[in-house]
Trainee: 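Have a look at this one.
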Amino acid sequence: MRPLKLTISAFGPYAEETEIDFAKLGEKGIYLISGDTGAGKTTLFDALIYALYGEASGPVRESTMFRSKYANSQTPTFVKLLFTYNHQQYSLYRNPEYERPAKRGDKLVSEKPNAHLEMPDGSIITGLKEVTQAIENLIGLDKTQFTQIAMIAQGDFLRLLLASTKERSDIFRKIFNTDLYQLLQENIKKSAETTAKELEYLDMNIGYAKNNLQLPPGTILPETPVIDEFLVAVQPYMEKDAAALKYVNQQLHINEKQIAQNNSQLGYAASLIKIQEEIKLCEKNIKKTLPLVKNLQTVYDNAQQKYKTDYAGNISEIVNIKNKLTAYDELDKIILQENTCHTAKSTLQQKLTALTSQLTRLTTKITTLKAQQVQLEDILVKQEQQKKLLADINTQQKELQELQLKMVEYNQLLTAYKKALHNYQQEQIDQQQLHQKHDRLEKLYLDGQAGILAACLKEGQPCPVCGSKLHPQPAEPMDCVPSKEQINLLKQEKLQKDSCVTKLSMEAGNLKGQFNSLDKEIIKKAVLLLNCNEKSEIRSAAQLLQCQLDKDLESVQAEMTATSKSISLKENLNKTIPSLEKEYDNLSQEERSNQQQLAVVTENIKNIANKKAEKSAQLTYKDKITALHILQQKENYSKNLEKNLHDSQTELIDKNTFINNEKAKLAALTTQLKNTTDIDIDQLQKVQKTLTGQKNLLIQQQNKLTLRFTNNQKTLNNITEKKSAYERLSENYRWQRDLAQTVNGTQTGKEKVTLETYIQMHYFDRIIARANTRFMMMSAGQYELKRRLSANNMRSQSGLELDVIDHYNGTERSIKTLSGGESFKASLSLALGLSDEIQSAAGGIKLDTMFVDEGFGSLDEESLEHAINVLHTLTEGNKLIGIISHVTELKQRIDKQIIVTKTPHGGSHVEIIT
């Protein structure tokens, strides 16, 4: 990639559009970029990187900071780059985001970032990401790789020169993308750590399981890390618990048989006691029930007598009431019809009252609205008159505003004319003085020339002016004679002053013509609008007219608002009045219909009253509800007679049956007691208590042994299951730990070289080999770089340490022992070697341009010569190298130069010297 032309505008310290034509520097060789500190030398490289990749060359600058602080607000910020690649030409344009004036108004708007790339075939690629991707595909390098190859900065590569293995590894990781090996190291390490945690967790679970074993009191768990040995040691305890559990179960079975036998004897004794208690209860019940039977007999006899006396007559009355219930239903229907008619009559009367009130209100409202309608007949005509009046006021206001603007313009022109006239008069005075000075000095010059000629005259020789050989009165030489150059300079100044005076005269004349024309136009408008032809009276007359127009406008607008409301009111009236009239007609018709219905209902009420009187005369009770109430009372009385008779008879029979049953039960129980023997129940209960206590103790022993044996058996099964997993994880962890220590360089007693560092050592050896071809030349064969093969200690990372061989004394020492100038030569060599290796790793890509930034100030004259020679070797094959430096010797040694200068307020400027 070779840049041909770089154009930057309002970019960094460059306030104006600046063009750097690299084509003037030739196709190969070295050129110098020099200038004031902060003038913008490195900014040229920033602009090149920004054009290609849309970013700054380093992390300190950001693309949003590119807008120049010196630039005019109207000047756009952009970068254009014309370059060639593989003998084909490309055109690239980018602009960052920045604030610019809006096309309308005084506000600032944000100019969005943009980019486009014109291809050799004329096609154009647009878009920030799309253009960057196209550049990366074309050149084969991303922004980081390009800056590492194309820009060699002393600070960055001196840091690489003096870095430790860890720091150098971090740098190489970004350059050669060895982070995959670092990721592999971390993954292997994490895998080993994960297995270790799993193994630790499993070991902890096995430990918990061991501690969960419950052994007999006085016994201790065996201390052995081997699981098999632990299981064998625990087995005797398990067998002992199994034998003890079997013995307890046998004893518990014997105890349960003894308890069953004793329970049987206790049951028999309890049954004898229960028979004796039941005999006493039977005797007591018989004695208590006999008096009740007599009372119940008396109650039954009374109930039977009452039933015979009242029951038949009460049933006859019930039948009579039931036969007349249908007549009561007919009476209820008549009463219901009467109530319905009265309700309908009341409703119709209420409706008629409401309708009469509504009709009265509607009549009043319609009359009022029609009166308003008549008053608004001419409102539309009034509205048109108001619109015309408003248009006239607006026209006068517009004309008045135009007149006032022209007055302002007139005053501005008058002020400008006075200023221009004053400038013209001042310059005219200076012109006259300059003319006088020129004439005076020119006369002195001519007089001085005459004196010079007179000094050269000789009697008898002809005068070079008049030819006379006689010289009666030769001119005297003068002391202060102006030179020809002074006369010419003064003449040039006079011509410039004449041109300036002429220009100012024309400017004043133009301004005078403009305000005279405007004056006539103002007078003409003032006469028509204000009836005023005096300019001094125009302002006050305009103010009076403006006040009057404002009042008229306010008055007309108020009237138009009221008129608009009146028109809306008229439109509403035109809709409302017919609607109200229709409503009135409907209500009138409804009133007539209700009056007819009221007459019919009144007649029906009279007829129903006659039917009600006839039906009431035929019935015993006033209505069906009363009849039903009497019927219910008589039916209840009959049911009570039946119930009392039945209940007294049932209770008498129950008590007689109870006494007979108790007597039979007493006889049977007495017979059972004749054939029984006596039993000592207290002794049986003592035996029962003893056997129960023995059973509880045996059950406690059984539960304790069962719980312990079951828990221990489950725990041993769990340990046996985890045994195989523990052995498998232990085997995996051993080889994972060894592999993790190897790739991460943490093996005890060995150098701390990681897998990534081992890969980077290969690249580092190649970089050193390439760097030594330059370092040997720049150091006149004294120094050679060498990677340190053995570590200083076994604690820190190693493998990328750098030493230097001093061929003058045959020693090998740390690179940090070099002086400042020697360190620069070493870092420059290492940077060039790194650049070569990056290009090689990137697929043999070659760039036709390179920049080297600073560092030459620390070199002596001989070292500077060697460094220049090394850089000259890089220009073979049509490569162009730019050196950014302040060193004076470089300005003397390098012919091709880009000089960057800055001014206090105007930004920086570029000059190319070839």
Side-chain angles (χ1 to χ4, degrees), residues 30 145-165 167-176 178 757 759-789 798-808 811-842 844-847 850-856 858-859 862-877 879 881 883:
I30 298 176
Q145 292 171 324
F146 184 87
T147 53
Q148 290 166 346
I149 297 173
M151 183 66 173
I152 299 177
Q154 177 200 9
D156 292 341
F157 289 96
L158 187 59
R159 180 168 58 88
L160 176 62
L161 181 73
L162 303 178
S164 64
T165 291
E167 294 170 337
R168 193 170 283 122
S169 178
D170 293 340
I171 297 170
F172 285 167
R173 180 178 301 122
K174 297 178 182 178
I175 296 174
F176 298 112
T178 60
T757 303
I759 300 299
Q760 291 172 345
M761 286 163 57
H762 167 71
Y763 288 107
F764 196 29
D765 288 340
R766 295 177 57 167
I767 292 169
I768 291 172
R770 296 176 185 274
N772 278 331
T773 59
R774 279 84 179 216
F775 192 34
M776 291 285 286
M777 184 184 298
M778 278 193 277
S779 65
Q782 181 179 0
Y783 293 116
E784 181 180 359
L785 299 174
K786 180 183 178 182
R787 183 174 62 82
R788 188 178 300 164
L789 300 180
S798 61
L800 298 178
E801 301 295 329
L802 190 62
D803 287 337
V804 61
I805 300 174
D806 189 341
H807 288 290
Y808 283 7
T811 60
E812 182 177 333
R813 63 181 189 270
S814 172
I815 193 69
K816 297 179 182 179
T817 61
L818 294 177
S819 65
E822 292 168 342
S823 295
F824 171 72
K825 288 185 283 185
S827 62
L828 178 59
S829 301
L830 194 62
L832 294 173
L834 178 61
S835 177
D836 291 343
E837 182 60 28
I838 292 174
Q839 292 187 67
S840 175
I845 294 173
K846 293 189 180 294
L847 296 179
M850 179 182 289
F851 294 85
V852 181
D853 192 2
E854 294 299 347
F856 294 92
S858 61
L859 302 181
E862 183 180 357
S863 297
L864 184 61
E865 184 67 31
H866 289 316
I868 295 297
N869 290 336
V870 168
L871 292 176
H872 272 299
T873 62
L874 299 177
T875 62
E876 297 175 1
K879 178 173 283 190
I881 297 179
I883 299 176

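Heads up: numbering here begins at 1 and tracks the sequence. No experiment lies behind these values; they were computed from the predicted model shown.
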Trainee: Under the side chain to side chain donor-acceptor pair (under 3.5 Å) rule, collect the residues that match up with Lys786, sequence neighbours excluded.
Mentor: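 Scan of Lys786 (side chain to side chain donor-acceptor pair (under 3.5 Å), adjacent residues dropped) gives Glu812.
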Trainee: Asp803: what forms a side chain to side chain donor-acceptor pair (under 3.5 Å) with it, not counting sequence neighbours?
Mentor: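 Partners of Asp803 under the side chain to side chain donor-acceptor pair (under 3.5 Å) test: Arg788.
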Trainee: When rounded to the nearest 0.5 angstrom, what distance separates OG1 in Thr773 from CD in Glu784?
Mentor: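 CD of Glu784 is found 10.5 Å from OG1 of Thr773.
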Trainee: If I compare all heavy atoms of Thr178 with all of Tyr763, which pair ends up nearest, and what's the gap?
Mentor: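 In this case the closest contact between Thr178 and Tyr763 is CG2-CE1, 4.4 Å.
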Trainee: If you compare all heavy atoms of Arg787 against all heavy atoms of Phe764, which two are closest, and at what distance to 0.1 Å?
Mentor: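 Minimum heavy-atom separation between Arg787 and Phe764: CD-CD2, 3.7 Å.
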Trainee: Return the CD1 to CD1 distance between Ile815 and Ile805, rounded to the nearest 0.5 Å.
Mentor: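 Reported to 0.5 Å precision, the distance equals 10.5 Å.
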Trainee: Restricting to non-hydrogen atoms, name the atom on Ala826 and the atom on Leu818 that form the minimum distance, rounded to 0.1 Å.
Mentor: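 Minimum heavy-atom separation between Ala826 and Leu818: CB-CD1, 4.0 Å.
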Trainee: Quick check for you: to the nearest 0.5 Å, what is the distance between Leu830 atom CG and Arg770 atom CZ?
Mentor: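 The CZ atom of Arg770 is 12.5 Å from CG of Leu830, to the nearest 0.5 Å.
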Trainee: Supply the atom-to-atom distance Ile881 CD1 to Phe851 CZ, rounded to the nearest 0.5 angstrom.
Mentor: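 Between atom CD1 of Ile881 and atom CZ of Phe851 there are 11.0 Å.
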Trainee: Can you give me the closest heavy-atom contact between Ala771 and Leu785, atom names plus distance?
Mentor: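 That would be CB-CD1, 4.1 Å.
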Trainee: First locate atom CG of Asp765, then atom CG of Leu800, and finally report the distance between them rounded to the nearest 0.5 Å.
Mentor: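 These two atoms lie 9.0 Å from each other.
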Trainee: What heavy-atom pair brings Phe775 and Glu822 nearest, and what distance separates the two atoms?
Mentor: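 So the two residues come closest at CE1-O, 4.1 Å.
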Trainee: Does any part of the side chain of Tyr783, heavy atoms only, come nearer than 4.5 Å to the side chain of Asp806, both counted from C-beta?
Mentor: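 In contact.
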